[in-house]
Amino acid sequence: EVQLVESGGGSVQPGGSLRLSCAASGFSITNHYMHWVRQVPGKGLMWVSRIIGQGSSTSYVDSVKGRFTISRDDAKNTVYLQMNSLTLEDTAVYYCARDSGAGNYYTGVADIWGRGSLVTVSS
Amino acid sequence: DIQMTQSPSSLSASVGDRVTITCRAGRGINKYLNWYQQKPGQGPKLLIYETSLLQHEVPSRFSGSGDGIDFTLTISGLQPEDFATYYCHQGYTTLGTFGGGTKVDVK
């Protein structure tokens, strides 16, 4: 079964750090772009970051550039989101998603999503 | 980035109704408009991509259309499992942007 499972969320103080993990099963992350999308509870969605399947190309939304880093461990078939210098505005459910394109073909369409991991930034 | 204006923000409907949700892009996005459905406590689910292409295993009562600026999601014959929130998303630019969402609830 094709599946994504996020973990690593929790509560952190402003200025703190967290690392989210996204374990993929049923497919290889090297064959797809992978994404992180977040949602403030009760609000809309915002695409945060993406990483290419093979290679090192990454992209970030402006509000997280310089603070968040997306990476992957191919051997573990897992994608990560390292979040530093967290602010109250980063409080959200973070979803991992798979791009529908095969190989390094980017579509910007997310066909598989996880259930999300809640990050709460609070003093 | 490109603003996506989705309307209405909520609507009430009954089983069997025809429901239409619209999304307007701030500028032309060609065919790169996708629709997602989200239920409470779940991640979004892809329904339609590239304006009108139905994702695998999505019921045919869902359909999409558009002209590069104005896009429509139509549910022909609302079913109980369709009560949810729907989001449009433009994939024309890197990472893209979402509309604000439309919550469909029971009339």
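Chain letters run A, B, ... following the sequence lines, proteins first and then strands; every chain starts at 1.
A pairwise comparison of heavy atoms in A/Y95 and B/Q38 identifies OH-NE2, 3.1 Å as the closest pair.
Considering only heavy atoms from C-beta on, B/F98 stays 4.5 Å or farther from A/Q39 through its side chain.
With hydrophobic clusters built from ILVMFWY side chains whose heavy atoms lie under 4.5 angstrom apart, A/Y80 does not share a cluster with A/I52. Residues A/L20 and A/M46 share a hydrophobic cluster, clusters being chains of Ile/Leu/Val/Met/Phe/Trp/Tyr side chains in contact below 4.5 Å. A/W47 and B/I48 are assigned to two separate hydrophobic clusters, defined by single-linkage of ILVMFWY side chains at heavy-atom distances under 4.5 Å. Under the 4.5 Å side-chain heavy-atom criterion for grouping Ile, Leu, Val, Met, Phe, Trp and Tyr, B/L95 is connected to B/Y87 within one hydrophobic cluster. The same ILVMFWY cluster, assembled from side-chain heavy atoms under 4.5 Å apart, contains both B/W35 and B/L11.
Both the backbone and the side chain of B/Q42 come within contact range of chain A, each with at least one heavy atom under 4.5 Å from a heavy atom of that chain. There is no contact between B/Y92 and chain A, counting heavy-atom distances below 4.5 Å. In this structure, chain B has no heavy atom under 4.5 Å from any part of A/S100. Contacts between A/V48 and chain B at a heavy-atom distance below 4.5 Å involve the backbone alone (N, CA, C, O). Of the atoms belonging to B/E50, not a single heavy atom falls under 4.5 Å from chain A. With a 4.5 angstrom heavy-atom cutoff, A/Y106 touches chain B only via side-chain atoms. Heavy-atom distances place the side chain of B/H89, and not its backbone, under 4.5 Å from chain A.
Annotation for B/R61: atom CZ counts as buried by contact number, over 12 foreign heavy atoms lying within 6.0 Å. A 6.0 Å sphere centred on CZ of A/R67 holds more than 12 heavy atoms belonging to other residues, nucleotides or ligands. Other residues, nucleotides and ligands contribute only 12 or fewer heavy atoms inside 6.0 Å of the NZ atom of B/K103.
Counting heavy-atom pairs closer than 4.5 Å to chain B, the top residue among A/D62, A/L45, A/V109 is A/L45. Contact count against chain A (heavy-atom pairs under 4.5 Å) is highest for B/T94 among B/T85, B/T97, B/T94.
The aromatic rings of B/Y36 and A/W113 sit perpendicular to each other, their planes meeting at more than 60°, with 30° as the lower class boundary.
Atoms NZ and CD1, on B/K45 and A/I112 in that order, are 10.5 Å from each other to the nearest 0.5 Å.
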Test A/T107 against B/Y49 for side-chain contact (heavy atoms from CB on, under 4.5 Å), laying out the working first. CA-CA 10 Å; A/T107 66; B/Y49 61 100; over 6 Å; no
